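Note: hydrogens, waters and symmetry copies are ignored here, and every other heavy atom, side chains too, is used. Because the structure is predicted, anything quoted here is derived from the model rather than measured.
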Amino acid sequence: MEANDNKQEILDKRYMRMATIWAENSYCTRRKVGALIVKDKMIISDGYNGTPAGFENVCEDENGLTKPYVLHAEANAITKIARSNNSSEGATLYVTASPCIECAKLIIQAGIKRVVYAEKYRLEDGLDLLKRANIEVAFLNLNE
């Protein structure tokens with residue numbers, strides 16, 4: 001069992017590093033977040049925080065505040081699944097920041113069974129909701 005745990009940890013770190021690189025695609029200046037949805041060792045979707053398709057790639061207003069229509073990385077990855085032939089049922093979501101409560105609702109409804117995150121968001125209500133839905137939640141410190 002220990003060998004399988006080690007293999008999973010190696011995969012978790014690898015996918016999280018990839019999510020971190022994917023976050024670099026974000027046009028947001030305040031915070032860049034990346035997400036990958038993985039099923040059966042295949043990346044089936046990806047996302048980063050940003051504006052909806054067809055909008056200008058500016059996430060913050062003139063006061064430096066995030067515009068209300070900016071999508072979170074998890075929401076972008078999940079909605080991308082909806083437009084594909086893939087299913088996120090039973091998948092793992094790797095996200096560079098822990099999900100907010102709104103994204104947690106989407107994760108639950110998408111059938112994702114495991115969430116791995118690398119940075120804690122200031123609110124933990126999203127994590128609490130995921131745990132309440134019996135979704136496995138794991139913090140992964142990339143600095144170790």
Side-chain angles (χ1 to χ4, degrees), residues 1-60 65-144:
M1 187 68 176
E2 211 173 286
N4 284 339
D5 289 345
N6 192 34
K7 282 182 185 177
Q8 185 61 58
E9 185 180 342
I10 290 168
L11 284 174
D12 285 349
K13 286 182 178 180
R14 187 172 296 151
Y15 288 126
M16 188 60 73
R17 285 194 309 269
M18 293 169 76
T20 301
I21 291 168
W22 200 244
E24 294 174 13
N25 289 317
S26 174
Y27 290 92
C28 298
T29 54
R30 288 181 66 208
R31 175 181 227 153
K32 296 179 183 296
V33 179
L36 295 178
I37 299 176
V38 177
K39 186 173 178 180
D40 300 324
K41 295 183 182 176
M42 289 187 341
I43 297 169
I44 60 170
S45 191
D46 54 53
Y48 51 86
N49 57 327
T51 56
F55 281 62
E56 74 287 349
N57 289 322
V58 179
C59 298
E60 292 83 10
L65 299 174
T66 301
K67 293 180 179 178
Y69 52 84
V70 168
L71 289 157
H72 289 184
E74 307 95 315
N76 268 324
I78 290 168
T79 55
K80 216 184 244 189
I81 288 273
R83 295 178 70 176
S84 74
N85 293 324
N86 286 320
S87 167
S88 53
E89 188 70 37
T92 297
L93 170 72
Y94 294 89
V95 61
T96 58
S98 62
C100 70
I101 193 143
E102 293 302 318
C103 287
K105 292 180 212 176
L106 293 174
I107 291 164
I108 293 165
Q109 291 301 95
I112 293 168
K113 293 299 175 200
R114 185 166 179 261
V115 174
V116 181
Y117 66 96
E119 179 186 320
K120 289 186 179 170
Y121 183 63
R122 59 184 166 81
L123 302 174
E124 292 197 19
D125 50 357
L127 293 175
D128 294 340
L129 187 63
L130 292 173
K131 291 173 190 171
R132 182 174 171 194
N134 294 317
I135 293 173
E136 181 186 340
V137 176
F139 172 71
L140 181 63
N141 187 346
L142 285 178
N143 297 323
E144 289 183 347

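- Residues Ala19 and Leu36 share a closest heavy-atom pair of N-CD1, 3.8 Å.
- Applying the disulfide bond (SG atoms under 2.5 Å apart) test to every pair with at least one member in residues 13-46, sequence neighbours left out, gives these pairs: Cys28-Cys59.
- A distance of 12.5 Å separates CD1 in Ile81 from CG in Leu106, rounded to the nearest 0.5 Å.
- Under a 3.5 Å cut-off, the side chain of Thr92 and the backbone N or O of Val115 do not form any donor-acceptor pair.
- Among all heavy-atom pairs drawn from Pro99 and Glu74, the shortest one is CA-OE2, 3.2 Å.
- Ile78 places none of its side-chain heavy atoms less than 4.5 Å from the side chain of Gln109.
- Considering only residues two or more places apart in sequence or on other chains, Thr29 meets the side chain to side chain donor-acceptor pair (under 3.5 Å) condition with Glu60.
- Looking only at side-chain heavy atoms (C-beta outward), Arg14 and Glu9 stay at 4.5 Å or farther from each other.
- Annotation: Gln8, atom CD; neighbour count of heavy atoms from other residues, nucleotides and ligands within 6.0 Å is above 12.
- In this structure, the side chain of Ser45 engages the main chain of Ala77 through a donor-acceptor pair within 3.5 Å.
- Within the 4.5 Å cutoff, side-chain heavy atoms of Thr20 are placed close to those of Leu142.
- The shortest heavy-atom contact between Cys103 and Ala75 is SG-N, 4.2 Å.
- Closest non-hydrogen pair, Cys100 versus Tyr121, comes out as CB-CE2, 4.3 Å.
- Taking CG of Asp128 as the start and CG of Leu123 as the end, the distance is 10.0 Å to the nearest 0.5 Å.
- Screening residues 79-117 for ring pair (Phe, Tyr, Trp, His ring centres under 6.0 Å) gives Tyr15-Tyr94, Tyr117-Phe139 as the qualifying pairs, with residues at least two apart or on separate chains.
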| said: Could you go through Leu130 and Ile108, starting from their C-alpha distance and side-chain angles, then the distance that decides it, and tell me whether this counts as side chain to side chain contact (heavy atoms under 4.5 Å, CB included)? | reply: CA-CA 7 Å; Leu130 292 173; Ile108 293 165; 4.1 Å; yes
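- The only option from Asn49, Asn76, Thr96, Asn57 that meets the side chain to side chain donor-acceptor pair (under 3.5 Å) definition with Ser26 turns out to be Asn49.
- Remark: Ile101 CD1 to Asp125 CG distance equals 4.0 Å, nearest 0.5 Å.
- Proximity of Thr51 to Val58: side-chain heavy atoms (C-beta onward) are nowhere separated by under 4.5 Å.
- In terms of modelled atom types and a separation under 3.5 Å, the side chain of Ser88 and the main chain of Ala110 share a donor-acceptor contact.
- Lys32 and Ala23 make their closest contact through CB-O, 3.5 Å (heavy atoms, listed as atom of the first residue, atom of the second, distance).
- Here the CZ-CG distance, from Arg17 to Leu140, works out to 9.5 Å after rounding to the nearest 0.5 Å.
- Counting heavy atoms from C-beta on, the side chains of Val95 and Val33 come closer than 4.5 Å.
- Here salt bridge (Lys or Arg N to Asp or Glu O under 4.0 Å) pairs that include residues 34-51, with residues two or more places apart or in two chains, are Asp46-Lys80.
- Residues Ile43 and Ile37 fail the side-chain proximity criterion, which asks for heavy atoms closer than 4.5 Å.
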| salt bridge (Lys or Arg N to Asp or Glu O under 4.0 Å) evaluation trace for Lys131 with Glu124 | CA-CA 11 Å; Lys131 291 173 190 171; Glu124 292 197 19; 5.5 Å; no
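- Counting only residues at least two apart or on different chains, the salt bridge (Lys or Arg N to Asp or Glu O under 4.0 Å) pairs with a member in residues 114-123 are Asp12-Arg114, Arg31-Glu119, Arg114-Glu136.
- For residues 89-105, the set of pairs meeting the salt bridge (Lys or Arg N to Asp or Glu O under 4.0 Å) definition, not counting sequence neighbours, comprises Glu102-Lys105.
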